[in-house]
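All remarks here apply to the structure that follows.
Bear in mind that the values here come from a model prediction, so they are computed numbers and not experimental data.
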Amino acid sequence: SEEETEVYFKFKAEIEKRGKDFEDTIYCFGKQEGEAFALCRWLRARKYDFNEVIKMVEEATEARKEPKSFDFYTDPKMALGCDMSVYFAQYPQLYSGFAKNGCPVFISKPGVLNVDAVECITTLAGIVK
């Protein structure tokens, strides 16, 4: 709609005013996602309510601050506090690469999650990292 188009361009202008961290949050899947897809992903999440979108991006930017300082925990053992194979044996999930459109492919089996074992080997903070 015309209103959504106005919000899109207002959001685009706001991104240009903000710092690199704000922009990195918007393009968290990488620049190959494309500007229109990245911006619309955020806008659709809050039904093109500009103030709500800005609030959400600011919150996401803040939530990404610590993991980003650790390069998003490229060493899973550091984040989890246990060997990755032990964790995945209790909670099978993996990134298996990228789809044809460049988006990451994530496979998870939450139905076979062993909650007691996961609580023994790591913490909620470790999982969220």
Side-chain angles (χ1 to χ4, degrees):
S1 74
E2 193 172 311
E3 294 85 21
E4 290 174 344
T5 303
E6 288 175 18
V7 173
Y8 175 91
F9 285 110
K10 185 176 178 182
F11 185 43
K12 183 178 175 182
E14 186 69 23
I15 294 167
E16 292 171 5
K17 291 182 206 172
R18 301 286 185 124
K20 176 115 174 75
D21 288 341
F22 192 86
E23 181 180 351
D24 287 347
T25 301
I26 302 293
Y27 294 103
C28 60
F29 293 143
K31 293 283 187 174
Q32 64 270 23
E33 178 183 19
E35 178 181 74
F37 289 109
L39 272 59
C40 287
R41 179 169 42 86
W42 290 91
L43 291 166
R44 284 190 312 268
R46 292 296 179 260
K47 298 187 185 332
Y48 286 80
D49 181 327
F50 179 79
N51 293 327
E52 288 298 312
V53 171
I54 296 300
K55 179 181 172 188
M56 180 176 60
V57 176
E58 289 172 344
E59 289 171 354
T61 301
E62 185 62 33
R64 288 168 42 100
K65 188 180 285 185
E66 182 185 352
K68 188 175 182 182
S69 71
F70 288 100
D71 195 25
F72 294 99
Y73 296 100
T74 52
D75 176 12
K77 190 171 185 176
M78 182 180 143
L80 292 170
C82 68
D83 193 63
M84 217 167 90
S85 63
V86 174
Y87 178 74
F88 285 137
Q90 308 310 317
Y91 189 10
Q93 58 184 358
L94 64 110
Y95 286 98
S96 65
F98 295 91
K100 289 180 182 179
N101 65 356
C103 293
V105 175
F106 177 70
I107 299 169
S108 179
K109 294 184 173 182
V112 295
L113 168 64
N114 184 341
V115 176
D116 294 333
V118 171
E119 287 178 342
C120 286
I121 60 174
T122 190
T123 64
L124 178 60
I127 294 168
V128 173
K129 287 180 187 177

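Partners of Phe9 according to the ring pair (Phe, Tyr, Trp, His ring centres under 6.0 Å) rule, which considers only residues two or more places apart in sequence or in another chain, do not exist here. Residues satisfying the salt bridge (charged side-chain N to carboxylate O under 4.0 Å, His left out) criterion with Glu59, sequence neighbours excluded, are absent altogether. Partners of Glu119 under the side-chain contact (heavy atoms from CB on, under 4.5 Å) rule, at least two apart in sequence or in another chain, are Val115, Asp116. Cys40 is linked by a side-chain contact (heavy atoms from CB on, under 4.5 Å) to Tyr8, Arg44, Tyr48, counting only residues two or more places apart in sequence or in another chain. With sequence neighbours excluded, the residues satisfying side chain to side chain donor-acceptor pair (under 3.5 Å) with Ser1 are Glu3.
Lys10 has its side chain out of reach of Ile54: every pair of non-hydrogen atoms, C-beta onward, lies at least 4.5 Å apart. At least one side-chain heavy atom of Leu39 sits under 4.5 Å from a side-chain heavy atom of Ile15.
Salt-bridge formation is not detected for the pair Lys55/Glu58: no Lys NZ or Arg NE/NH1/NH2 atom is positioned less than 4.0 Å from an Asp or Glu carboxylate oxygen.
The side chain to side chain donor-acceptor pair (under 3.5 Å) contacts involving residues 23-43 comprise Lys12-Glu35, Lys20-Asp24, Glu23-Lys31, Asp24-Lys68, Thr25-Thr61, Thr25-Arg64, Glu33-Arg41, where partners must be two or more places apart or lie in separate chains.
To the nearest 0.5 Å, the span separating CZ on Phe22 from CD on Glu14 amounts to 6.0 Å.
Here the shortest heavy-atom pairing between Phe11 and Ile26 reads CZ-CD1, 3.3 Å.
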